[in-house]
Amino acid sequence: MLTGDQYLESLRDGRRVFINGHSVPDVTTEPLLRGPALAAKLGYDRHYRPGDDVHGPYFFIPTSVDELRETQRQQLHWDFPTISTAAALLMVLTAASRMRAQHPQYAERALAYFERSKRRDIRVVQGITDAKGNRALSPGKQDDPDLYVRIVDRAPDGVVIRGAKLHISSAAVAHDIMVMPTKRMKAGEEDWSVAAAVPVNAPGVRIINASFAPRPDLDPDFYPYSSRHVMTEGLIVFDDVFVPNERLFLAGELEHSATFVHSLGLWERLGSVGSYVRLADTLVGLAHLVAEANGLLRVAHIKDKIAEMIVYATLIRAAFEAAMTHATFTPEGWASPDELFTNAAKYHAAANFSTMVRNLHDIAGGSVLTAPSLRDLHNPETAADLRKYMRTMEGVDAGYRMRLFHAIRDFTADAYGGWKHVTVIQAGGGLYAQKVVVTNHFDMEAAKALARETAGVTASGEVLSGLHRFGPHGYGHGADEGA
Ligand SMILES: Cc1cc2nc3c(=O)[nH]c(=O)nc-3n(C[C@H](O)[C@H](O)[C@H](O)COP(=O)(O)OP(=O)(O)OC[C@H]3O[C@@H](n4cnc5c(N)ncnc54)[C@H](O)[C@@H]3O)c2cc1C
């Protein structure tokens with residue numbers, strides 16, 4: 001395994017990285033990127049154990065519901081590149097399992113890649129989302145064929161790829177990019193049907209980054225959350241990058257163009273839902289603390305808003321648990337979360353997030369945005385004013401209350417909060433993506449049977465009359481009809 005310092009050293013590998021109008025010679029010292037690098041370093045140090053045959057828990061394949069639950073529980077304490085690695089590698093194994101019958105050579109490569117990554121203790125990010133150009137047109141119909149990553153040359157020992165993957169979380173501080181098609185490809189789009197693990201420092205790879213990271217001169221007390229939790233996303237250009245065969249998992253096989261993204265969607269969304277359990281509970285906790293600090297805990301409409309937030313948080317937790325309890329198993333015995341519950345949970349968490357933040361802001365009041373900084377509380381010229389006017393009652397002094405407002409602003413209404421708002425909706429695919437999956441996995445036949453029983457019709461369209469109308473449950477009150 002790598003230590004944190006060895007990890008930082010491994011990032012000085014000639015990678016071509018840009019941010020804010022300049023190139024970055026060393027991501028570990030660039031002010032806007034060192035936060036993600038240091039978070040990953042801490043993760044390496046936390047997991048490090050000496051020895052040749054040890055590996056991190058993120059290279060673990062769950063084979064039971066309990067193991068699945070335990071890995072998800074552990075993930076809540078991991079840095080993002082480590083979470084991403086676990087999802088990318090479980091994805092590659094899930095995809096290998098689904099492809100094994102038709103393409104055993106890809107399944108073997110995928111397994112070998114999993115083992116190599118484990119030995120090297122690398123971090124892998126997920127390169128799915130293409131530039132996509134005109135969304136109404138498929139990859140082969142775009143006016144520029146590079147708008148989806150594609151194969152531009154083939155040789156006996158590998159392929160050359162060109163294109164870009166956008167929004168890729170933590171790419172600048174990882175080692176490999178797991179490239180895969182963003183959607184199912186059609187006949188004639190074989191060249192766009194490509195999946196591969198590409199090193200971040202491969203010749204031809206360039207990463208142009210964005211980050212909400214607070215600018216380095218800002219006060220960490222004013223940003224109590226985002227000064228500790230920083231992310232970066234990269235637009236990764238693949239400028240004729242050679243991919244050797246051992247890193248190539250799909251090269252034109254249309255029937256499996258969507259296998260990777262479906263497999264990843266499952267693991268990525270389950271991980272997101274696990275983090276949303278915590279996110280939703282945090283929103284409830286902030287709402288409660290600020291209501292308490294403002295003396296509003298007993299007010300009816302405040303209690304009602306907090307109750308609504310509790311229902312939101314509890315349903316995410318329930319569906320997360322159900323997704324793991326109803327896991328399915330591959331022929332190899334590997335556990336996979338249930339698709340219906342995972343996607344329904346992701347949709348519920350994302351679709352209602354802004355309403356929950358609205359409740360929090362409504363409860364908290366305008367000081368979410370206007371509370372002066374703690375530095376003003378420490379300035380002798382302004383300290384007394386703030387102590388007097390920002391306190392509310394005995395036990396709630398200005399410093400405590402101002403800190404709550406800073407946390408709410410930082411978490412939900414400032415650069416990080418804005419990032420989170422969009423990320424909850426888009427990362428892992430927009431709301432529509434989850435609706436497609438739930439529709440495909442819902443037991444529609446059972447629902448239709450209930451509907452027919454309710455209507456008194458049969459599957460062949462016959463209308464039942466009289467007592468025949470009542471199905472196996474007879475007539476009278478159903479269990480769902482109340483007293
Ligand atoms: C912070 C953040 C981190 C991310 N991290 C990663 C990552 O690590 N790896 C990765 O691969 N991606 C990542 N993403 C990308 C994310 O998966 C995409 O943003 C998402 O899938 C939407 O794609 P898009 O941004 O291109 O928007 P668009 O595709 O333009 O979608 C916008 C809207 O248009 C709709 N739409 C688009 N095309 C069609 C169509 N043909 N028919 C009908 N409706 C359509 C969508 O459903 C959506 O509602 C990240 C995104 C964010 C915000």
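Whatever order the structure lists ligands and atoms in, that order sets their numbers, starting from 1.
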A.B. asks: Pairs of nitrogen or oxygen atoms closer than 3.5 Å, one from T129 and one from ligand 1: do any exist?
C.D. replies: yes
A.B. asks: How about D176 and Y113: does a side-chain donor come under 3.5 Å of a side-chain acceptor?
C.D. replies: yes
A.B. asks: With backbone taken as N, CA, C and O and side chain as the heavy atoms from C-beta onward, which portion of K165 lies under 4.0 Å from ligand 1: side chain, backbone, both, or neither?
C.D. replies: neither
A.B. asks: Starting from atom 21 (O) of ligand 1, locate the nearest protein heavy atom and write down its residue, its atom name and how far away it is, to 0.1 Å.
C.D. replies: G429 CA, 3.6 Å
A.B. asks: Strictly less than 4.0 Å: does any protein heavy-atom distance to atom 49 (O) of ligand 1 fall in that range?
C.D. replies: no
A.B. asks: Indicate whether atom 43 (C) of ligand 1 is within a distance of less than 4.0 angstrom of some protein heavy atom.
C.D. replies: no
A.B. asks: Under 4.0 Å from atom 28 (P) of ligand 1, do we find at least one protein heavy atom?
C.D. replies: yes
A.B. asks: What is the nearest protein non-hydrogen atom to atom 1 (C) of ligand 1, stated with its residue, atom name and distance?
C.D. replies: T423 OG1, 3.1 Å
A.B. asks: Give yes or no for whether the N/O distance cutoff of 3.5 Å, strictly under, is met between W419 and ligand 1.
C.D. replies: no
A.B. asks: Are any of the N/O atoms in I128 less than 3.5 Å from those in ligand 1?
C.D. replies: yes
A.B. asks: Do the ring centers of Y106 and H256 come within less than 6.0 Å of each other?
C.D. replies: no
A.B. asks: H229 and Y416: aromatic ring centres closer than 6.0 Å?
C.D. replies: no
A.B. asks: Before accepting this row, confirm whether a basic side-chain N of the pair E246/R116 lies closer than 4.0 Å to the acidic partner's carboxylate O.
C.D. replies: no
A.B. asks: Closer than 4.0 angstrom, basic N to acidic O: yes or no for D239 and R162?
C.D. replies: no
A.B. asks: Is it true that H406 and Y225 have ring centroids separated by less than 6.0 Å?
C.D. replies: no
A.B. asks: Indicate yes or no: does an N/O atom of Y432 lie under 3.5 Å from an N/O atom of ligand 1?
C.D. replies: no
A.B. asks: Can you find a protein heavy atom closer to atom 14 (N) of ligand 1 than 4.0 Å?
C.D. replies: yes
A.B. asks: Does D13 pair with R15 as a salt bridge, N-O distance under 4.0 Å?
C.D. replies: yes
A.B. asks: Among all protein heavy atoms, pick the one closest to atom 38 (N) of ligand 1 and tell me residue, atom and distance.
C.D. replies: R135 CG, 3.3 Å
A.B. asks: Does ligand 1 have any atom sitting under 4.0 Å from a heavy atom of I168?
C.D. replies: yes
A.B. asks: Which of the atoms in ligand 1, numbered in the order shown and given with their element, are less than 4.0 Å from a heavy-atom of Q126?
C.D. replies: 7 (C), 8 (O), 9 (N), 10 (C), 11 (O)
A.B. asks: Would you mind finding which of Q426, H167, K132 brings a heavy atom closest to atom 25 (O) of ligand 1?
C.D. replies: H167
A.B. asks: Would you check if there is a donor-acceptor pair between the side chains of T330 and R98 at a distance under 3.5 Å?
C.D. replies: no
A.B. asks: Between M231 and ligand 1, which residue portion shows a heavy-atom distance shorter than 4.0 Å: side chain, backbone, both, or neither?
C.D. replies: neither
A.B. asks: Quick one: which ligand 1 atoms are inside 4.0 Å of a heavy atom on E233?
C.D. replies: 1 (C), 3 (C)
A.B. asks: Quick one, Y276 and K346 - any side-chain contact, counting heavy atoms below 4.5 Å?
C.D. replies: yes
A.B. asks: When you measure from atom 8 (O) of ligand 1 to every protein heavy atom, which one gives the shortest distance, and what is it?
C.D. replies: S169 N, 3.0 Å
A.B. asks: Is there at least one protein heavy-atom neighbour under 4.0 Å from atom 3 (C) of ligand 1?
C.D. replies: yes
A.B. asks: For residues 85-94, which side-chain N or O atoms pair as donor and acceptor with protein atoms under 3.5 Å away, sequence neighbours left out?
C.D. replies:
unit_1, atom_1, unit_2, atom_2, d
T85, OG1, P81, O, 2.6
T85, OG1, V124, N, 2.9
T94, OG1, L90, O, 2.7
T94, OG1, W267, NE1, 3.0

A.B. asks: Answer whether the closest heavy-atom distance between the side chains of H361 and I408 falls below 4.5 Å.
C.D. replies: yes
A.B. asks: Does some non-hydrogen atom of the protein lie less than 4.0 angstrom from atom 31 (O) of ligand 1?
C.D. replies: no
A.B. asks: Could you check whether atom 46 (C) of ligand 1 has a protein contact, counting only heavy atoms that fall below 4.0 angstrom?
C.D. replies: no
A.B. asks: Is NZ or CZ of R409 both nearer than 6.0 Å to the six-membered ring centre of Y223 and within 45° of the ring axis?
C.D. replies: yes
A.B. asks: Quick one: are L279 and K420 in side-chain contact, heavy atoms under 4.5 Å?
C.D. replies: yes
